Colleague: 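Here it is, the structure in full.
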Amino acid sequence: MDVQKINFKIFVAEPDGVPMSAFIPIFHSWIQATDGDFHDVADYSHMHAGPGVLLLAHEANISIDQTGNRLGLLYNQKQPLSGTTLEKLRTVLASTLETCCRIETEPSLQGKFKFLGGEMLFLINDRLLSPNTEETFQAVRSGLDALAKNVYGETDFALEPDLDPRQRFAVRIAAGSRFDVATLLKNLGAARTN
């Protein structure tokens, strides 16, 4: 299976600590600080359990997402990637974790927005090519298992697919210990160089 349109969501530790509206000027400042990498900001924070505040780009969309009534950063890779499934997963997760670290160190948030690295959600945003089935899970399972070992090391973890056919394909990855996103990014970088 050629896995594309990979998404990762990293959940927020204190979901009530920062209002959604705080991300609108932050994302606008990111647009102004780049040479066309980011294009626009869309505010859907008024929608219950919705997409929140989105930063739109050609390569990927980034959102402070409330889907499933769980606040987190959703990184939605839009452009095709080459390589093995594991290489693609590592690339998108690295971008996700880098974005989480950038938000955690955003001066205007004063350290109030932290992510839970011990749990993440992996999604494929393509219902046609990657239906939410056991077959899709088996096709990506070895890549997800290797990725989780990269970031969590010797810590036990679980891969929990949600095979509801009404939903996009999703797998919850949960470690048996707490991790911060900077540690996960460091572990992932070390795994990529080995």
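Computed from a prediction, not measured in an experiment: that's the story for all the values here.
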Colleague: Quick one: closest heavy-atom pair of L129 and M1, and the distance?
Modeller: O-CE, 3.9 Å
Colleague: Regarding N7 and N125, do their side chains bring together a donor and an acceptor under 3.5 Å, going by distance alone?
Modeller: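 No, N125 and N7 have no side-chain donor paired with an acceptor closer than 3.5 Å.
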Colleague: Aromatic ring centroids of F179 and F115 under 6.0 Å?
Modeller: no
Colleague: Can the ring centres of F38 and F27 be said to be less than 6.0 Å apart?
Modeller: no
Colleague: Within the 3.5 Å criterion, strictly below it, is a donor on D180 or T183 matched to an acceptor on the partner's side chain?
Modeller: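 Their side chains do contain a donor-acceptor pair, which is all the 3.5 Å distance test asks for.
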Colleague: With no hydrogens and no angle check, do the side chains of N132 and R127 hold a donor and an acceptor under 3.5 Å apart?
Modeller: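 No.
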Colleague: So that I know where these two stand, are Y75 and F8 an aromatic pair - ring centroids less than 6.0 Å apart?
Modeller: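 Not under 6.0 Å, so no.
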Colleague: With the threshold set at 4.0 Å, does a side-chain nitrogen-carboxylate oxygen contact exist between R70 and E119?
Modeller: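 Salt bridge between R70 and E119, a charged N being under 4.0 Å from a carboxylate O: yes.
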Colleague: Any idea which heavy atoms bring L123 and A170 closest together, and the distance?
Modeller: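 The answer is CD2-CB, 4.0 Å.
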Colleague: Using only atom types and a distance under 3.5 Å, with no angle test, would you say the side chain of N187 pairs donor to acceptor with the backbone of V151?
Modeller: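 Confirmed, N187 side chain pairs with V151 backbone.
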Colleague: Scan side-chain atoms only and decide if T133 and T136 contain a donor-acceptor pair under the 3.5 Å cut-off.
Modeller: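 Indeed, the side chains of T133 and T136 share at least one donor-acceptor pair under 3.5 Å.
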Colleague: Give a yes or no on whether the backbone of E104 and the side-chain of K112 come within a donor-acceptor separation of less than 3.5 Å.
Modeller: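 Checking the backbone N and O of E104 against the side chain of K112, no donor-acceptor pair under 3.5 Å is found.
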Colleague: For the residue pair K5 and K78, establish whether any side-chain heavy-atom pair is separated by less than 4.5 Å.
Modeller: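 Side-chain contact under 4.5 Å: no.
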Colleague: Any donor-acceptor pair under 3.5 Å linking the side chain of E106 with the backbone of I103?
Modeller: no
Colleague: So which atom in A175 and which in T155 form the shortest heavy-atom distance, rounded to 0.1 Å?
Modeller: CB-CG2, 4.3 Å
Colleague: For the pair D145 and K149, find out whether any cationic side-chain nitrogen is under 4.0 Å from an anionic carboxylate oxygen.
Modeller: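 A salt bridge is present here (some side-chain N lies under 4.0 Å from a carboxylate O).
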